[in-house]
Amino acid sequence: MKYNHKAVEPKWQQIWEEKGVFHASDDVSKEKFYALIEFPYPSGQGLHVGHPRPYTALDTVARKKRLQGLNVLYPIGWDAFGLPTENYAIKNHIHPEIVTKKNIARFKKQIQSLGISFDWSREINTTDPDYYKWTQWIFIQLFKHGLAYKKEMNVNWCTSCKCVLANEEVVNGVCERCGSEVVHKVKSQWMLKITEYADRLINDLDLVNYPDRVKAQQKNWIGRSTGAEVDFETTTGDILTVYTTRADTLFGATYMVISPEHPLIEKWADKLDNMDDIRAYQAAAARKSDFERTEVAKDKTGVKLQGVRAINPVNNTEIPIFISDYVLVSYGTGAIMAVPAHDTRDWEFAKKFDLPIIEVVKGGNVQEEAFTDCATGVMVNSGMLDGLSVDEAKVKIIDWLTKEGKGHSKVNYKLRDWVFSRQRYWGEPIPIVSCDKCGYVPIDESELPLRLPMVESYEPTDTGESPLANMTDWINTTCPCCGGPAKRETDTMPQWAGSSWYYLRYMDPHNSEALASKEALNYWSPVDWYNGGMEHTTLHLLYSRFWHKFLFDIGVVPTPEPYAKRTSHGMILGENGEKMSKSRGNVVNPDDIVDEYGADTMRLYEMFIGDFEKAAPWSQASIRGCRRFIERYWNLQNILVDGDTIRPELESAFHKAIKKVGDDIENIKFNTAIAALMALINDISNVKSISREELRVFSILLNPFAPHVTEEVYEANKLGEGILAEAQWPQYDESKCVDETVEIVVQVNGKIKAKLNIPVDADKETMLAMAKENEKVTAALDGMSILKEIVVPKKLVNLVVKPK
RNA sequence: GCCGGCGUGGUGGAAUAGGCAGACACAAGGGACUUAAAAUCCCUCGGCGUAAAAACCGUACCGGUUCAAGUCCGGUCGCCGGCACCA
């Protein structure tokens with residue numbers, strides 16, 4: 001009887017659906033487990049085989065936790081606002097809401113065919129007004145606490161999307177999504193003060209279990225650096241403040257550089273003799289896109305300010321001031337002290353403009369290249385600092401500056417505030433009105449959700465205004481504060497908004513009074529295990545940690561961090577080893593795999609394909625091995641014998657497998673868990689029979705990976721009421737994981753001479769004696785004297801010898 | 001340039017904590033069964049070597065520590081991801 005997945009899989013999926021077996025309970029007396037995957041964006045393309053990898057992995061975890069008696073929440077929803085849908089809608093003249101509905105239906109059907117144990121009763125959708133009501137509510141709280149503000153600023157503008165991009169969305173000077181040119185535009189934008197949380201976003205990484213590479217990347221992105229601000233007087237009497245991490249090199253500062261946008265330039269305009277050159281340079285710098293500015297990074301340019309000089313506070317030397325675009329207005333104070341001897345960029349600039357290079361840290365040849373090593377150098381030419389190490393000098397000079405009132409220690413971050421406005425239709429309306437009298441005022445919370453108006457045309461405008469700007473009857477409203485005329489904000493939120501808090505909504509998805517009830521939040525928080533892609537480390541993961549911390553501060557959520565544990569999956573590549581994409585023509589559709597081999601085979605292969613955290617190429621040939629394994633399991637029914645115990649000949653194999661599979665699932669080693677099950681089935685095949693108890697235990701162990709076929713076997717052979725219905729994850733007995741005898745190796749000078757089977761509890765003396773009795777060993781010892789005997793219990797004997 | 005990760009058979013990948021390198025699969029080759037094919041089962045499968053064995057070599061490369069190194073340390077090369085004129 002051949003296994004027929006086409007009959008078995010839909011049968012069990014239907015039973016699960018009817019009985020609602022995957023619905024999480026709100027019974028707070030039970031121990032909970034909250035497993036979370038990044039909810040998908042329902043694109044028009046449907047799923048490819050890469051999507052189900054994380055779903056299957058956490059499904060395996062969730063199913064095992066259920067068998068261990070935990071109350072498991074494993075939800076899914078749709079991150080459905082966003083540009084691809086909107087663009088498709090524009091092109092095909094279908095409203096994005098309809099497109100979204102259609103895409104979700106397709107995704108849902110595909111995911112359900114895989115037998116993932118999602119709790120569909122908690123399905124959410126970020127475009128649902130009942131959902132985005134709370135996204136808007138959170139925005140209003142941010143606004144009320146001063147963390148959302150509107151600012152006239154230079155923004156990244158995608159010429160093709162006709163929309164503002166966050167810094168995070170600009171890659172190599174082009175739009176992350178469409179690859180079009182990004183230019184600068186001055187616009188008034190809503191911003192979120194994520195910088196206020198920079199320190200906590202770094203420090204609280206100590207509270208969570210994330211992979212080191214994720215923590216490193218977040219720290220890197222936030223970019224905290226500790227240094228000092230130093231005030232330089234100028235010949236005009238104005239103070240020019242710089243930020244530096246190398247205050248120790250202050251005696252080596254031979255000139256200064258300010259960014260072309262620095263405000264002091266305007267103030268000094270009438271004192272500068274070469275204002276025309278300066279204006280020309282400013283204009284050239286402003287014209288450059290980010291792309292050009294980084295492209296020309298190799299060659300330094302700049303203009304010297306004629307007529308104003310700065311005074312080095314440590315030695316009262318007058319030094320020149322330059323403007324140059326290698327100094328960024330947006331970082332530090334927009335001005336630097338240049339120490340060409342010990343900074344590569346300053347060195348290049350000094351060489352080009354023929355400026356003096358003064359060595360203040362001994363250790364290199366500063367005429368040849370900048371010496372930037374902080375660890376080994378000793379201070380020279382630095383007055384009071386001479387003879388100190390770099391670290392000692394930093395402390396001493398900052399103390400001195402502080403005492404003299406000329407500077408102080410200072411921490412800086414690379415992280416910028418989050419540009420939160422988008423000039424597009426398909427997003428959450430920002431719930432703010434603008435009133436001439438009262439300024440920006442949030443709409444009353446009882447008015448939420450502020451629904452996206454149905455419009456005829458939602459095409460982006462060339463003027464840079466949101467499509468909503470044309471809807472005069474929607475825009476014109478009254479001020480909630482004074483009752484006078486006011487205008488609605490027409491920008492919408494970025495796609496990251498809805499995904500910044502969705503894991504909270506799953507805890508209580510139908511609540512109309514709050515984003516979730518206190519009880520649900522207290523019970524389910526935090527997410528126990530969150531899996532997602534590395535590509536979201538500096539975007540989604542950072543944004544959602546920020547929102548969560550804010551909600552914690554205002555008493556909405558009970559934990560400082562949203563996710564206790566984070567793992568990330570590797571991509572599934574096409575068969576040619578390249579990223580799967582329509583344009584490369586290497587996309588594999590899971591529907592075809594499910595149809596030909598079944599969902600269980602598909603799931604098993606996705607977990608067996610390799611290290612879960614690393615990328616792995618898809619192999620159409622290798623899937624067959626997983627299908628064979630399913631069939632070998634199915635055929636165990638043919639050799640079934642009575643017996644309600646695990647028989648002695650298989651006892652240690654079973655106990656070892658129970659331990660291994662359980663441990664490996666917890667440690668994200670799904671591939672070796674499956675390998676252990678394959679090895680166990682090989683052991684069973686060698687015995688040529690399987691007892692009912694053995695089949696029962698094997699079925700439970702395999703169930704998290706292959707839930708359909710295991711339920712079928714369990715039912716068909718009346719091994720119990722059903723795995724989901726009553727089975728419990730088997731326990732192993734440590735004492736039964738060991739065999740009576742164990743094979744050890746005997747080495748002479750590290751070369752293997754013999755392998756011996758010895759009793760597992762043999763002591764060192766016995767092992768040594770047995771080793772020396774072996775013929776091959778005695779032969780190798782002939783004419784040798786033993787220098788050292790190394791005995792590792794249960795592993796090996798190594799005899800170190802030399803000729804007599 | 002900086003930060004993080006990786007480099008193991010024909011392929012995907014194993015190897016707890018320094019203790020038998022190549023588990024478990026895929027592919028390939030051979031055999032059994034079959035009229036035949038598919039399916040299934042059995043055998044071989046790092047290199048070199050041999051009648052067979054033994055011996056020798058082998059985890060990117062060079063060196064070190066150790067009785068013992070894929071694993072630890074120092075250096076080199078290559079690949080992947082992230083950041084990038086951040087003072």
Side-chain angles (χ1 to χ4, degrees), chain A residues 2 171-172 211-221 223-225 227-228 242-247 249 257 259 293-294 296-300 324-328 330-339 342-346 348-349 372 412-416 534-535 537-538 570-571 577 604-605 608-611 613-626 628-629 631-632 635 660 663 667 669 671-682 685 743-752 754-755 776 787-801:
Chain A
K2 219 182 139 167
V171 177
N172 292 331
D212 287 342
R213 57 191 170 137
V214 170
K215 289 190 183 185
Q217 232 178 85
Q218 290 219 346
K219 283 182 192 165
N220 213 308
W221 186 262
R224 175 162 65 191
S225 74
V242 300
Y243 173 72
T244 178
T245 56
R246 292 297 304 274
T249 61
V257 188
S259 72
R293 218 164 141 151
T294 48
V296 295
K298 295 136 211 158
D299 201 21
K300 295 279 180 291
S324 174
D325 64 1
Y326 84 89
V327 173
L328 309 174
S330 52
Y331 185 77
T333 61
I336 61 159
M337 63 177 208
V339 185
H342 305 290
D343 181 279
T344 316
R345 296 150 301 181
D346 298 345
E348 285 169 17
F349 192 88
T372 57
N412 257 321
Y413 303 91
K414 291 188 200 172
L415 186 71
R416 317 273 169 82
M534 280 305 287
E535 71 274 22
T537 300
T538 51
M571 243 190 301
L604 212 48
Y605 178 61
F608 186 63
I609 192 167
D611 185 338
E613 298 189 276
K614 290 193 197 133
W618 184 261
S619 164
Q620 205 63 34
S622 293
I623 302 168
R624 299 176 51 209
C626 290
R628 272 179 212 145
F629 172 64
E631 275 169 23
R632 291 185 71 194
N635 291 334
K660 176 87 177 146
D663 290 352
N667 296 322
K669 302 283 179 203
N671 53 337
T672 50
I674 292 168
L677 289 168
M678 288 173 169
L680 181 57
I681 216 168
N682 289 343
S685 301
E743 191 183 67
I744 64 159
V745 290
V746 183
Q747 300 175 333
V748 175
N749 282 349
K751 303 264 186 210
I752 295 160
K755 296 185 180 183
K776 295 222 171 109
L787 297 179
K788 204 167 176 183
E789 294 166 337
I790 288 137
V791 183
V792 182
K794 294 181 211 175
K795 298 270 185 193
L796 61 70
V797 173
N798 189 11
L799 303 172
V800 185
V801 301

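So you know, we letter chains A, B, ... as the sequences are listed, proteins then strands, and number each from 1.
One finds no side-chain N or O of Tyr326(A) lying less than 4.0 angstrom from the OP1 or OP2 phosphate oxygen of A87(B). Remark: Arg213(A) is not in phosphate contact with C3(B), judged by side-chain N or O atoms under 4.0 Å from OP1 or OP2. In this structure, Lys751(A) reaches the C57(B) phosphate: one of its side-chain N or O atoms is under 4.0 Å from OP1 or OP2. A close approach under 4.0 Å does not occur between any side-chain nitrogen or oxygen of Arg632(A) and OP1 or OP2 of A39(B). Listed pair Arg624(A) / A27(B) meets the phosphate criterion, a side-chain N or O lying under 4.0 Å from OP1 or OP2.
No engagement by Ser619(A) is indicated, since no non-hydrogen atom pair under 4.0 Å with the nucleic acid exists. Within 4.0 Å of Ser225(A), counting heavy atoms only, lie sugar-phosphate atoms of the nucleic acid but no base atom. Among the atoms of the strands shown, only primed sugar atoms or phosphate atoms (P, OP1, OP2) are found under 4.0 Å from some heavy atom of Asn682(A). Counting any heavy atom pair closer than 4.0 Å across all strands shown, Lys219(A) reaches no nucleic acid atom. Note on Glu789(A): nothing from the nucleic acid sits closer than 4.0 angstrom, heavy atoms only. Using a 4.0 Å heavy-atom distance criterion, Gly332(A) is classed as making no nucleic acid contact.
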Listed pairs, N/O of protein and of nucleotides 11-15 of chain B, under 3.5 Å:
| unit_1 | atom_1 | unit_2 | atom_2 | d |
| --- | --- | --- | --- | --- |
| G12(B) | O2' | Ile609(A) | O | 2.6 |
| G13(B) | O3' | Asn671(A) | ND2 | 3.4 |
| A14(B) | OP1 | Asn671(A) | ND2 | 3.0 |

Could you go through nucleotides 67-69 of chain B and list every protein N or O atom that sits under 3.5 Å from one of its N or O atoms, giving the distance for each pair?
| unit_1 | atom_1 | unit_2 | atom_2 | d |
| --- | --- | --- | --- | --- |
| C67(B) | OP1 | Lys788(A) | NZ | 3.3 |
| C67(B) | O2' | Asn798(A) | ND2 | 3.4 |
| C67(B) | O2 | Asn798(A) | ND2 | 2.7 |

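Of the C1' atoms belonging to A52(B) and A68(B), the separation is 31 Å, rounded to the nearest Å. Here, G18(B) and G12(B) have their P atoms 27 Å apart, quoted to the whole Å. Between A84(B) and G4(B), the two C1' atoms lie 15 Å apart (nearest whole Å).
In this structure, the CH2 atom of Trp221(A) is 16 Å from the C1' atom of G4(B), given to the nearest Å. Rounded to a whole Å, the CG atom of Asp325(A) is 9 Å from the C1' atom of C85(B). Following rounding to the nearest Å, Leu328(A) (CG) and C83(B) (C1') show an atom-to-atom distance of 14 Å. Rounded to an integer number of Å, the gap from CE of Met571(A) to P of G5(B) is 19 Å. Rounded to whole angstrom, the span from the CG atom of Leu677(A) across to the C1' atom of A25(B) amounts to 13 Å. Atom pair Met534(A):CE and C3(B):P shows a separation of 17 Å (rounding to whole Å applied). Whole-Å rounding puts the Arg628(A) CZ to A25(B) P distance at 10 Å.
With a glycosidic angle no more than 90° from 0, G9(B) adopts the syn conformation.
Using a 4.5 Å heavy-atom cutoff, the side chains of Met571(A) and Met534(A) are not in contact. Within the 4.5 Å cutoff, no side-chain heavy atoms of Val797(A) are placed close to those of Glu789(A). At a threshold of 4.5 Å between non-hydrogen side-chain atoms, the residues Asn749(A) and Val800(A) count as touching. A heavy-atom distance below 4.5 Å is not found between the side chains of Trp221(A) and Thr537(A).
In terms of position on RNA chain B, the residue among Ile681(A) and Thr244(A) whose nearest nucleotide sits closer to the 5' end is Ile681(A). Two residues, Asp343(A) and Ile674(A), neighbour RNA chain B, and the one matched to the more 5' nucleotide by heavy-atom proximity is Ile674(A).
Comparing A87(B), C26(B), C3(B) by their nearest atom to the side chain of Thr245(A) picks out A87(B). With C26(B), G19(B), C85(B) as the choices, the nucleotide that has an atom nearest any side-chain atom of Lys795(A) turns out to be G19(B).
No donor-acceptor pair under 3.5 Å is formed between the side chain of Tyr605(A) and the backbone N or O of Gly625(A).
For Gln217(A) against Thr538(A), the heavy-atom pair with the smallest separation is O-CG2, 4.0 Å.
In the interface, the side chain of Lys300(A) is paired with the base of C85(B) through a donor and an acceptor atom under 3.5 Å apart.
Note: Tyr326(A) OH to Asp346(A) CG = 4.0 Å, rounded to the nearest 0.5 Å.
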